[in-house]
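One structure is given below, encoded as structure tokens.
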Amino acid sequence: MLKYCVKRLLQSLITVLLIVSIVFLLMRLLPTDYYFREDELMKFTDEQKNERLEAEGLLDPPLVQLANFYRNMIQFQVTKGKSVVKAYALDQYIGMKLRGEEIELAKGQKTQWAFNLGMSRRVAAGQPVQKVIAEKMSVSMQIGLTSLAISLVIGVTLGVLQARKKDGILDRVGIGYTVFVNAVPHLVSYSLLLILGNKVLGLPAVYKAREPVNSLILPVTCLALGNTAGYMLWMRRYMVDELNKDYIRLAKLKGLSSTSVMFRHVLRNAFVPLAQYLPYSIVFTVGGSLLVESFFSIPGMGPMLSTAIPRYDLNLVQAIVMFYAILGVIGVFLGDLLMCLIDPRISLIRKGDAR
Amino acid sequence: MAKKQQRRKTVQELEQPVVKLDVDYSAVDKEPKKERPYGRAYLGARSAMPEEQLFEFAEYRPQDAEKIGYSNYSYWKSVWQNFVKNKPAIVMSIVFILLFIFTFVAESISPYSVATLEQDNKSIFLLPSSEHWFGTTQAGKDYWVITWYATRVSLALAALVAVGQIVAGTIIGLVWGYVRKLDRFFTELYNLIDNIPTIIYMTLIALMVGQSIGIMAVTMIAFGWLGTARNVRNLVFMYRDREYNLASRCLGTRLWRVLFRNIFPYLISVIILRLTLAIPGTIAYETTLSYLGLISEEYSLGILLKNARDSFLRFPHMLVFPAVIVSIITVTFYLVGNAFSDACDPRNHL
């Protein structure tokens with residue numbers, strides 16, 4: 001099992017590296033003007049621009065730039081106060097140590113290891129990108145985790161009740177709800193909810209930093225709307241499939257009560273396929289929701305990518321892509337592990353790679 | 001052809017009752033008028049029969065022997081019969097067809113037309129009236145013609161993208177599943193494209209190539225075939241090594257014939273399901289993309305919904321009309337797709 005995990009994680013690492021490299025190279029296709037801030041673009045002459053690009057190594061062939069990007073991902077930094085005076089890439093540092101050279105420190109300077117993905121150029125000018133992402137992450141996570149918890153509880157409960165009285169009134173209403181949520185574009189259902197929440201309940205229509213709780217009610221509800229429908233749909237489907245199996249008939253014949261059959265046998269088996277997606281959803285709450293967050297102007301992770309790309313904040317784009325790729329890989333991996341834990345019949349080792 | 005007709009004739013003869021029993025079915029059957037087509041004694045009638053008639057020696061009848069091998073079951077006929085039973089899907093289909101026809105009529109019955117709409121500062125955000133049937137926009141333009149024009153644009157885009165995705169996905173999926181050597185390559189390609197957020201491709205292409213509805217359609221096809229291809233590939237995997245295909249290959253059938261005559265028929269139901277679901281998917285996706293400013297088209301349903309975001313709290317007509325139309329379209333295709341996939345399941349037949 002351990003061997004499998006290590007192998008799987010190594011494979012995932014390669015996938016992540018490939019994705020990051022491809023995006024990196026894609027971004028180099030853009031004109032070099034986009035490396036400057038808007039105000040810099042106005043003042044600088046072409047020569048000044050070239051000098052600056054040359055100095056930052058941005059005129060090198062894309063593959064060399066890519067190599068530099070990876071080299072500088074972990075840096076040994078000499079800092080003074082809060083600003084970085086000098087930074088050494090990992091291989092430079094090791095080379096110096098091997099040659100026996102020491103890094104000279106002036107007064108008040110300190111050294112530290114740092115994870116470096118570059119600076120944000122336009123969205124949050126001059127800030128390290130990991131800091132920008134970390135700030136946005138917490139907001140998204142709050143909304144995501146709350147709505148996930150709500151929708152998991154409501155969705156699974158309703159799904160179970162639906163399956164228990166199949167074709168009953170509750171089942172029909174539930175199916176109508178899932179059809180509505182899945183078929184009607186989210187923009188429309190969010191708008192309806194917004195009208196309801198704003199006109200009837202008087203909740204704020206856009207995010208206001210001053211009243212964070214009130215202004216997060218609508219986004220959380222919107223996000224939970226879709227998730228609940230998803231859990232209801234699949235819970236019901238898996239339960240109904242499971243109900244027709246022989247062991248359930250046997251359990252009923254033995255004289256077990258309907259409730260105990262439902263909870264002890266059906267629910268546990270029907271939950272296995274859902275469990276696979278659970279860690280993925282939890283991990284991805286960090287990633288935020290593109291539509292909900294931009295609809296309510298919430299400063300979260302969701303719309304980051306779509307704001308960073310048109311503004312050509314390349315370092316930020318790379319960092320976000322890497323972030324999402326890692327989240328995705330970890331989410332799927334944890335999902336497989338959880339599925340193994342819940343259902344001992346499933347073995348990852350025999351199956352080889354799961355995708 | 002003549003041979004087939006002849007066979008039909010004998011079968012019709014076969015369906016005539018061979019043995020007619022003097023039994024009063026009404027004692028056991030609630031539908032006494034219905035003629036039993038088969039010669040065998042109707043089982044339910046047993047209790048009403050005198051004991052000596054209960055058993056008889058079976059004679060050899062060549063006609064009867066032939067009959068066992070024949071069934072007038074037709075897959076597509078059963079699919080259709082099952083589909084028609086689904087009332088919501090049928091009702092919504094009719095509504096959608098009427099709506100579709102109306103999109104072409106709507107502009108001509110209005111005094112305005114999209115080509116000649118002009119900005120008019122005097123008539124900003126008018127509510128629906130006899131002059132402007134759907135009210136006016138923030139630029140004072142007639143919303144009726146805009147909405148119907150946008151519906152046409154969105155439907156055209158959705159149809160184009162859905163068909164493109166399915167055709168590309170099916171062909172790639174067939175090759176992916178059938179040619180073993182390419183499996184690894186396509187799997188890696190799939191993982192790679194699937195793992196990078198589509199929004200990156202969309203934005204990069206919008207920035208580097210340009211923004212038009214045509215480019216958007218091509219991009220959506222170029223990254224939308226993945227799901228279908230993977231689904232088709234898995235199905236091809238199931239059928240490619242069945243005995244009939246092994247036999248076919250041993251007999252030297254050409255590759256394309258194996259793919260399209262032996263395997264493709266099994267995929268049709270899945271493909272049609274995916275096609276019907278791709279249309280609401282595309283429309284929903286288009287609304288999201290418009291919201292992110294990635295579609296430059298002047299009018300499409302997505303754009304109208306996006307524009308409505310800023311004004312619908314005060315002027316609900318901006319939201320209501322496009323939202324209702326979008327919902328009718330997407331709900332119809334969603335219901336039809338699901339009804340069709342249920343109808344395709346042979347377990348639901350008969």
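Only this structure's heavy atoms are used, side chains among them; waters, hydrogens and symmetry mates stay out.
If you tally non-hydrogen atom pairs under 4.5 Å between each of A:Thr15, A:Asn182, A:Leu18 and chain B, the highest count goes to A:Asn182. When each of A:Pro303, A:Ser189, A:Ala308, A:Ser191 is checked for heavy-atom pairs under 4.5 Å with chain B, A:Ser191 comes out on top. Put simply, of A:Val20, A:Val317, A:Leu194, the one with the most heavy-atom pairs under 4.5 Å next to chain B is A:Leu194. Taking chain A as the reference chain and counting heavy-atom pairs below 4.5 Å, the highest number among B:Thr332, B:Thr330, B:Ile329, B:Thr288 is found for B:Thr330. Taking A:Leu305, A:Val321, A:Val329, A:Leu26 one by one and counting their heavy-atom pairs under 4.5 Å with chain B, the maximum is reached by A:Leu305.
At most 12 heavy atoms of other shown residues, nucleotides or ligands fall within 6.0 angstrom of atom OH in B:Tyr149. With a 6.0 Å radius and a threshold of 12 heavy atoms from other residues, nucleotides or ligands, B:Arg152 has its CZ atom above the threshold. Residue A:Trp234 qualifies as open at atom CH2: its count of foreign heavy atoms under 6.0 Å is 12 or below.
Proximity to chain B (any heavy atom under 4.5 Å) is shown, for A:Tyr190, by neither the backbone nor the side chain. In this structure, the portions of A:Val184 lying under 4.5 Å from any heavy atom of chain B include both its backbone and its side chain. Neither the backbone nor the side chain of A:Ile320 comes within contact range of chain B; no heavy atom of the residue lies under 4.5 Å from a heavy atom of that chain. Looking at B:Ile328, there are no atoms closer than 4.5 Å to chain A (heavy atoms on both sides), in backbone or side chain. Only the side chain of A:Leu187 comes within contact range of chain B, with at least one heavy atom under 4.5 Å from a heavy atom of that chain.
No hydrogens or angles considered: a donor-acceptor pair under 3.5 Å links the side chains of A:Ser21 and A:Tyr70.
The backbone N or O of A:Val23 lies less than 3.5 Å from no partner atom in the side chain of A:Gln318, so there is not a single donor-acceptor pair.
For the pair B:Arg240 and B:Phe237, the cation-pi test (distance below 6.0 Å, angle within 45°) is failed.
At a threshold of 4.0 Å, the pair B:Arg180-B:Asp183 does not count as salt-bridged, since none of the basic side-chain nitrogens sits closer than that to a carboxylate oxygen.
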